[in-house]
Amino acid sequence: MDHRARPYRSVLYIPGSKPRALDKARTLPTDAIIFDLEDAVSADEKAAARALLAETLDAGGYGAKAQLVRINGFGTDWGADDLDAIAAIGPEAILLPKVGDAADIEALAMRLDARPETADTTIWAMMETPLGILNAARIAAAPRMAGFVMGTNDLAKDLICRTRAAMSTSLQMCLLAARAHGLVCVDGVYNAFRDEAGLAAECAEGRDLGFDGKTLIHPAQIDIANQAFAPSPDEIELARRQIAAYEEALREGQGVAVVDGRIVENLHVDTARATLAKAEAIASVEAA
Ligand code: COA
Ligand code: MG
């Protein structure tokens, strides 16, 4: 499936070191998985997690879910070995942590170019450092780029900020860059994984900003994100009425329709069609 046509409402991190969680994820209703070798895996477990993850991905069973592998950075002791082990199984996407500039992506792209197994592998960037945020537009334009993942915990640490509001410029700079270059863009995690109301509120906020979905740390968060980032029945119904009214207006030689007291022009019809396409993509993923 084209990465832009598929839903990314829920993007669940799974530590590459946890066999039970890796197995459980095969049946969870998450749109995408980030198989993690970076911060969810301790230094002592890195080598074992890398081997376990390569074996697990090779066995497959994740169906229609998008699969990203977060490797360690190339400035660490583990990044090169992670890429070697994971590249061998021809992964759909590599997620690079702490991206600072387009050069980081170009270097990874060259490594992928050098291997036949990774001919179609895309690159996603963790956007989680002040330098990375400032360079978002250049990073988004780099080779093989398919998506941004907001790393809000690292970003808050580096900004020395205390609220999500203090990160809004960073979130919006990444959204601007992602939209300018046709990338998927998913919001950061909500750490209090037992707080459902708090998660729902943050999902709604991320959706209204324009994110495609939210990264998650626990299976209990999946349904909340799936609901928040899916078009609601009301939105689908309105989209249908807007399209019908606009087509009727065109037949009558008009360029503008009115629905519920608001004008509907061709750009609104584009949005309405995108809403229906998203609902269909979700239905097809849920049927699979
Ligand atoms: N993906 C898949 N399955 C997961 C999971 C995840 N991220 N987190 C928990 N589970 C599974 C557990 O294996 C357990 O399965 P079981 O019932 O078959 O044993 C079940 O969900 C319930 O887990 P629970 O006991 O509620 O959670 P926990 O206390 O074991 O773990 C965390 C809580 C936060 C430590 C754990 O969810 C986790 O490691 N999350 C990912 C953290 C991460 O990746 N961080 C990096 C990015 S921020
Ligand atoms: Mg991080």
Side-chain angles (χ1 to χ4, degrees), residues 8-46 48-50 52-53 56-57 59 61-63 65-76 78-79 82 93-100 104-105 123-133 136 139 147-161 164 167 170-171 174 185-196 198-199 202-203 206 211 213-226:
Y8 284 92
R9 296 167 299 167
S10 46
V11 180
L12 178 67
Y13 282 100
I14 305 185
S17 53
K18 292 190 177 168
R20 235 186 128 81
L22 289 169
D23 186 43
K24 192 182 179 82
R26 292 192 167 97
T27 57
L28 292 172
T30 188
D31 286 341
I33 298 174
I34 296 173
F35 297 100
D36 193 23
L37 295 175
E38 200 221 14
D39 283 351
V41 177
S42 70
D44 291 348
E45 294 176 306
K46 294 282 189 196
R50 180 191 299 138
L52 172 66
L53 184 56
T56 303
L57 292 178
Y62 293 94
K65 302 180 206 336
Q67 298 171 45
L68 287 64
V69 178
R70 185 165 77 167
I71 60 172
N72 289 281
F74 293 111
T76 69
W78 311 290
D82 288 349
I94 297 287
L95 173 59
L96 192 63
K98 302 186 176 72
V99 174
D104 297 335
I105 305 295
I123 301 176
W124 290 57
M126 288 300 305
M127 300 302 284
E128 55 185 345
T129 68
L131 189 62
I133 305 290
I139 295 168
F148 278 169
V149 176
M150 299 310 307
T152 40
N153 281 326
D154 268 299
L155 188 60
K157 171 177 157 237
D158 283 7
L159 287 177
I160 323 179
C161 72
R164 184 162 152 93
M167 286 187 276
S170 303
L171 297 175
C174 291
C185 196
V186 294
D187 202 354
V189 300
Y190 187 71
N191 294 327
F193 60 89
R194 308 265 181 229
D195 172 6
E196 297 188 353
L199 174 65
E202 204 170 276
C203 283
F211 284 107
K214 193 152 181 75
T215 44
L216 309 173
I217 48 179
H218 192 279
Q221 298 184 308
I222 296 171
D223 287 342
I224 293 169
N226 280 351

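Fair warning: this is a prediction, and the values are worked out from it, not measured in the lab. Counting convention: from 1, in listed order, for ligands and their atoms alike. The chain is numbered in sequence order, starting from 1.
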* Residues in side-chain contact (heavy atoms from CB on, under 4.5 Å) contact with Thr76, at least two apart in sequence or another chain -> Asn72, Trp78
* What protein N, O or S atoms come within a distance below 2.8 Å of the Mg ion (ligand 2), ordered by chain and number? -> Glu128 OE1, Asp154 OD2
* Is it true that a side-chain atom of Asp104 and a backbone atom of Val99 form a donor plus acceptor pair closer than 3.5 Å? -> no
* **Sorted by chain and number, the residues that approach ligand 1 to under 4.0 Å with a heavy atom** => Leu12, Tyr13, Ile14, Pro15, Lys18, Arg20, Ala21, Lys24, Asp36, Ala40, Arg70, Phe193, Arg194, Ile217, His218, Pro219
* Pairing residues for Lys98 by the side-chain contact (heavy atoms from CB on, under 4.5 Å) criterion, not counting sequence neighbours -> Glu38, Asp39, Glu128, Thr129, Asp154
* Taking the side chain from Lys65 and the backbone from Leu28, do they hold a donor-acceptor pair closer than 3.5 Å? -> yes
* **Salt-bridge criterion met for Arg164 and Asp187 (N-O under 4.0 Å)** => yes
* Could you tell me whether the side chain of Lys214 and the main chain of Gly206 form a donor-acceptor pair under 3.5 Å? => no
* Within the side chain of Thr215, is there an N or O that forms a donor-acceptor pair under 3.5 Å with the backbone of Val189? -> yes
* Asked: Judged by atom type as modelled, is there a donor-acceptor pair below 3.5 Å linking the side chain of Thr30 to the main-chain atoms of Ser10?
  -> yes
* To do: Go through Leu95 and Ile34 one step at a time and tell me if the side-chain contact (heavy atoms from CB on, under 4.5 Å) criterion holds.
  => CA-CA 8 Å; Leu95 173 59; Ile34 296 173; 3.7 Å; yes
